[in-house]
Amino acid sequence: MSLSEEPSVSSLTLEGDAKGDAKKKKKEQEKAEKAAQRGVKAAIMTAPEADDPLADKYGDAPLVQSQAQSGRVWTDVSALSASLKDQEVLLRGRVHTVRGKGKSAFIVLRQRTATAQVVLFANDTTVSKGMVKYASQISRESIVDVVGLVTVPDKPIESCSQSDVEIQCRGIKVISRAAALPFEVTDAARGEAEVKAAAEKGELLVTVGQDNRLNNRFLDLRTPANQAIFRVQSAVGQIFRTYLLAKDFIEIHSPKLIAGASEGGAAVFKLDYMGQPACLAQSPQLYKQMAIAADCERVFEIGPVFRAEQSWTHRHLCEFMGLDFEMAIHEHYYEVLDVIEGLFQSIFDGLATTYAKELAVIQTQYPFDMPVFKPLRLTFAEGIALLKDNGYPDVDPLGDLSTELERALGKVVKARYGTDFYILHRYPLAIRPFYTMPCPDDAAYSNSYDVFIRGEEIISGAQRIHDPELLTERAKVWGVPLETIASYIDSFRLGAAPHGGAGVGLERVVMLYLGLDNIRKTSMFPRDPKRLAP
């Protein structure tokens with residue numbers, strides 16, 4: 001063979017590439033065929049087997065479109081107990097876990113914070129093999145209706161909240177089938193203690209990071225602990241409202257689109273309002289005070305608060321729920337402190353008694369010591385003295401307290417006075433908002449106060465300035481443009497009662513009461529400097 005007749009390197013390469021492409025296409029085709037087969041198999045199991053005499057007992061239910069009401073009664077999973085033994089119940093919940101093995105299947109059914117075990121054993125009388133096969137293939141987090149007989153197992157089912165019962169399945173239908181999950185709810189519900197115990201045995205358990213949780217918050221919120229956290233949050237709001245209504249307060253609703261900053265400073269979200277400069281309210285402060293000037297005497301509000309702060313801490317959000325109140329006083333801002341102490345006594349007592357079940361659920365994932373409530377008031381100067389006596393000699397007597405100093409003071413207070421709750425009052429005037437009343441005996445201080453739980457601030461408040469001339473003077477000192485708060489100042493020119501109040505951060509109260517490490521755990525859909533969705 002001449003050199004000219006030998007195959008060239010390039011032709012060999014092309015031939016090799018062609019063979020490689022053919023193999024690759026064949027593999028992709030086989031892969032696609034297998035995937036199609038799996039799809040057919042999965043599609044079949046959304047419906048019962050055609051020749052199954054129990055075919056009416058399982059299969060995907062028709063889409064619920066409000067066609068009719070059957071009169072059937074569903075039982076809450078949380079209501080299941082041994083007292084219902086041998087009774088048939090209809091349940092609706094999510095498939096928390098599912099495990100099929102031969103002629104049997106085990107499902108943990110979850111509804112909010114409650115779980116119960118559902119079992120299927122093929123016997124061709126009440127449960128068929130097709131029914132077991134169908135149940136075993138239901139995707140986790142799918143919503144199902146289960147008809148079953150309540151039985152009492154020989155041993156408690158420790159993995160379920162309703163541990164004294166087991167449901168012998170007699171029918172199961174998928175109401176809404178879940179697609180592939182970004183993470184498992186069982187992994188998101190795993191507590192740190194469980195992970196640590198497994199690690200000590202050389203086992204690695206899957207956990208879910210904060211960003212992944214928040215990116216898929218609608219899934220993350222399904223964990224029992226999260227369900228309980230937001231029931232506790234709801235309870236705090238209810239107790240706040242109930243307590244103040246009983247004290248002759250009225251609930252108001254102030255605007256969130258305002259012409260000027262309600263707190264002063266630059267941490268405002270600015271926007272265009274029909275061609276006029278405006279911003280989102282940093283608090284309902286100015287309107288609470290105007291309500292007092294309008295003779296409402298005692299008012300409160302539960303509503304959103306907006307702060308355009310570049311704060312990346314564990315306790316700051318750009319939007320949170322504010323629990324605010326304002327009240328006329330006769331002589332002294334201590335009258336406001338009396339209300340604050342009574343309010344938090346009610347919150348602490350109410351959560352510990354009425355919501356003990358929810359607290360127990362939270363503790364399974366996030367263990368915490370119950371906070372101790374004992375009324376305690378310290379002046380800012382007394383707080384500074386405690387810090388200086390306990391390892392912080394250089395603390396600024398007229399400066400604001402950093403997070404580190406707040407926590408340090410909280411530890412000192414807990415050790416000395418045995419309480420997780422305390423009020424620090426008479427703050428330096430220079431670090432308080434422009435509308436704060438100066439102290440009568442020392443112009444360097446103010447009639448203001450902060451409230452702390454576990455060494456972190458949850459409330460900021462004060463006696464407000466009700467004299468228009470002094471209010472104007474203080475606004476100028478703070479650099480607040482007078483034209484933006486003209487109506488606010490004018491509201492005091494026609495006579496205004498002395499008054500004071502406070503603003504409470506709902507998410508922060510819940511975070512600190514539960515001993516959680518991040519406020520994002522107590523915000524349903526948190527807004528921080530980088531998060532605007534979901």
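What you see is a predicted model; the values in this text were computed from it and never measured. Note: hydrogens, waters and symmetry copies are ignored here, and every other heavy atom, side chains too, is used.
A61 approaches I175 most closely through the heavy-atom pair CB-CD1, 3.8 Å. Nearest heavy-atom pair, A352 versus L359, reported as atom, atom and distance to 0.1 Å: CA-CD1, 4.1 Å. Shortest non-hydrogen contact noted between T522 and F230 is O-CE2, 3.5 Å. Closest heavy-atom contact between L84 and V150: O-CB, 3.3 Å. Across all their heavy atoms, A116 and L80 have their closest contact at CB-CD1, 3.8 Å. Smallest separation of non-hydrogen atoms from L120 and C169: CG-CB, 3.6 Å.
Using cut-offs of 30° and 60° on the angle between ring planes, the pair F373 and F348 is tilted. Between F452 and Y422, the ring planes are parallel. Angles under 30° get that label, and only those over 60° would be called perpendicular.
Take K521 and apply the side chain to side chain donor-acceptor pair (under 3.5 Å) test, not counting sequence neighbours, and it matches D517. Taking S234 as the reference, Q238 meet the side chain to side chain contact (heavy atoms under 4.5 Å, CB included) condition, with sequence neighbours excluded. Scored by the side chain to side chain donor-acceptor pair (under 3.5 Å) test, Q227 finds R231 as partners (sequence neighbours excluded). By the side chain to side chain donor-acceptor pair (under 3.5 Å) test, S254 pairs with K256, E301, sequence neighbours left out. In this structure E200 satisfies the side chain to side chain contact (heavy atoms under 4.5 Å, CB included) test together with K196, sequence neighbours excluded.
Atom NZ of K129 has 12 or fewer neighbouring heavy atoms from other residues, nucleotides or ligands inside a 6.0 Å radius. Under a cut-off of 6.0 angstrom, the local environment of CD in E192 is sparse, with at most 12 non-hydrogen atoms contributed by other residues, nucleotides or ligands. Within 6.0 Å of atom CD in Q363, more than 12 heavy atoms from other residues, nucleotides or ligands are found, so the atom counts as buried in its surroundings.
Within the model, atoms CG of N518 and CG of L214 stand 8.0 Å from one another, a figure rounded to the nearest 0.5 Å. Expressed to the nearest 0.5 Å, how far CZ of R190 lies from OG1 of T364 amounts to 12.5 Å. Between the CG atom of L54 and the CZ atom of R170 there is a distance of 10.5 Å, given to the nearest 0.5 Å. Atom OG1 of T223 and atom CD of Q365 lie 5.5 Å apart (nearest 0.5 Å). Separation of atoms CD (Q345) and CD1 (I239) is listed at 11.5 Å; rounding is to 0.5 Å. Expressed to the nearest 0.5 Å, how far CD of Q117 lies from OG1 of T97 amounts to 8.0 Å.
Checking E184, R222, R110 one by one against H96, the side-chain hydrogen bond (donor to acceptor under 3.5 Å, both in side chains) holds for a single residue, R110. Exactly one residue among I167, V147, I172 makes a side chain to side chain contact (heavy atoms under 4.5 Å, CB included) with L91. That residue is I167.
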Stepwise side chain to side chain contact (heavy atoms under 4.5 Å, CB included) test for S136 and V132: CA-CA 6 Å; S136 299; V132 170; 4.0 Å; yes
D52 and K57: CA distance, side-chain angles, deciding distance, salt bridge (Lys or Arg N to Asp or Glu O under 4.0 Å) verdict: CA-CA 10 Å; D52 191 340; K57 301 297 184 183; over 6 Å; no
Go through R177 and D60 one step at a time and tell me if the side chain to side chain contact (heavy atoms under 4.5 Å, CB included) criterion holds. CA-CA 8 Å; R177 192 172 285 272; D60 287 14; 2.6 Å; yes
Run the side chain to side chain donor-acceptor pair (under 3.5 Å) check on D349 and S346 step by step: do they pass? CA-CA 5 Å; D349 290 348; S346 293; over 6 Å; no
Take K173 and V144 through the test side chain to side chain contact (heavy atoms under 4.5 Å, CB included) and record every step on the way to the result. CA-CA 6 Å; K173 298 202 171 186; V144 297; over 6 Å; no
Show the numbers, then the answer: is there a side chain to side chain contact (heavy atoms under 4.5 Å, CB included) between V268 and L280? CA-CA 7 Å; V268 295; L280 295 176; over 6 Å; no
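Residues L386 and R416 have side chains in contact (heavy-atom distance under 4.5 Å, counting atoms from C-beta outward). Between L90 and V146, every side-chain heavy-atom pair lies at or beyond the 4.5 Å cut-off. The side-chain heavy atoms of V451 and E457, taken from C-beta on, include no pair separated by under 4.5 Å. Taking the side chain as every heavy atom from C-beta outward, N216 and F183 approach each other to under 4.5 Å. Looking at I519 and P526, their side chains never come closer than 4.5 Å, going by heavy atoms from C-beta outward. Side-chain contact check for V509 versus V504: some heavy-atom pair is nearer than 4.5 Å. I423 has its side chain out of reach of D450: every pair of non-hydrogen atoms, C-beta onward, lies at least 4.5 Å apart. Residues R241 and I302 form a side-chain contact, since some pair of their non-hydrogen atoms from C-beta on lies under 4.5 Å apart.
Between the side chain of N123 and the backbone N or O of T126, at least one donor-acceptor pair lies under 3.5 Å. At distances below 3.5 Å, not a single donor-acceptor pair connects side-chain atoms of Y355 with backbone N or O atoms of V232. Without hydrogens or angle criteria, Q168 side chain to T151 main chain gives no donor-acceptor distance under 3.5 Å. Using a distance-only test at 3.5 Å, with no hydrogens or angles considered, a donor-acceptor pair links the side chain of Q67 to the main chain of L63.
Salt bridge present: R377 and D338 bring a charged side-chain N and a carboxylate O closer than 4.0 Å. Looking at D145 and R92, a side-chain N of the basic residue comes within less than 4.0 Å of a carboxylate O on the acidic one, giving a salt bridge. Taking a cutoff of 4.0 Å between a charged side-chain nitrogen and a carboxylate oxygen, R520 and D528 qualify as a salt bridge. Using a cut-off of 4.0 Å between Lys/Arg side-chain N and Asp/Glu carboxylate O, R531 and D211 are scored as salt-bridged.
Aromatic ring centroids of F344 and F240 lie 6.0 Å or more apart.
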Listed pairs under 3.5 Å, donor-acceptor, residues 313-326 side chains, sequence neighbours left out:
| from | atom 1 | to | atom 2 | distance (Å) |
| --- | --- | --- | --- | --- |
| T313 | OG1 | R315 | N | 3.2 |
| T313 | OG1 | H316 | N | 3.2 |
| T313 | OG1 | H316 | ND1 | 2.6 |
| H314 | NE2 | R407 | NH2 | 3.0 |
| H314 | NE2 | E456 | OE1 | 3.1 |
| H314 | NE2 | E456 | OE2 | 3.1 |
| R315 | NH1 | E406 | OE1 | 2.8 |
| R315 | NH2 | T403 | OG1 | 3.1 |
| R315 | NH2 | E406 | OE1 | 3.3 |
| D324 | OD2 | K288 | NZ | 3.4 |
| E326 | OE1 | K288 | NZ | 3.2 |
| E326 | OE1 | R464 | NE | 3.4 |
| E326 | OE1 | R464 | NH2 | 3.1 |
| E326 | OE2 | R464 | NE | 2.7 |

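Cation-pi geometry between R217 and F525 is not met: the NZ or CZ atom fails to fall both under 6.0 Å from the ring centre and inside 45° of the normal.
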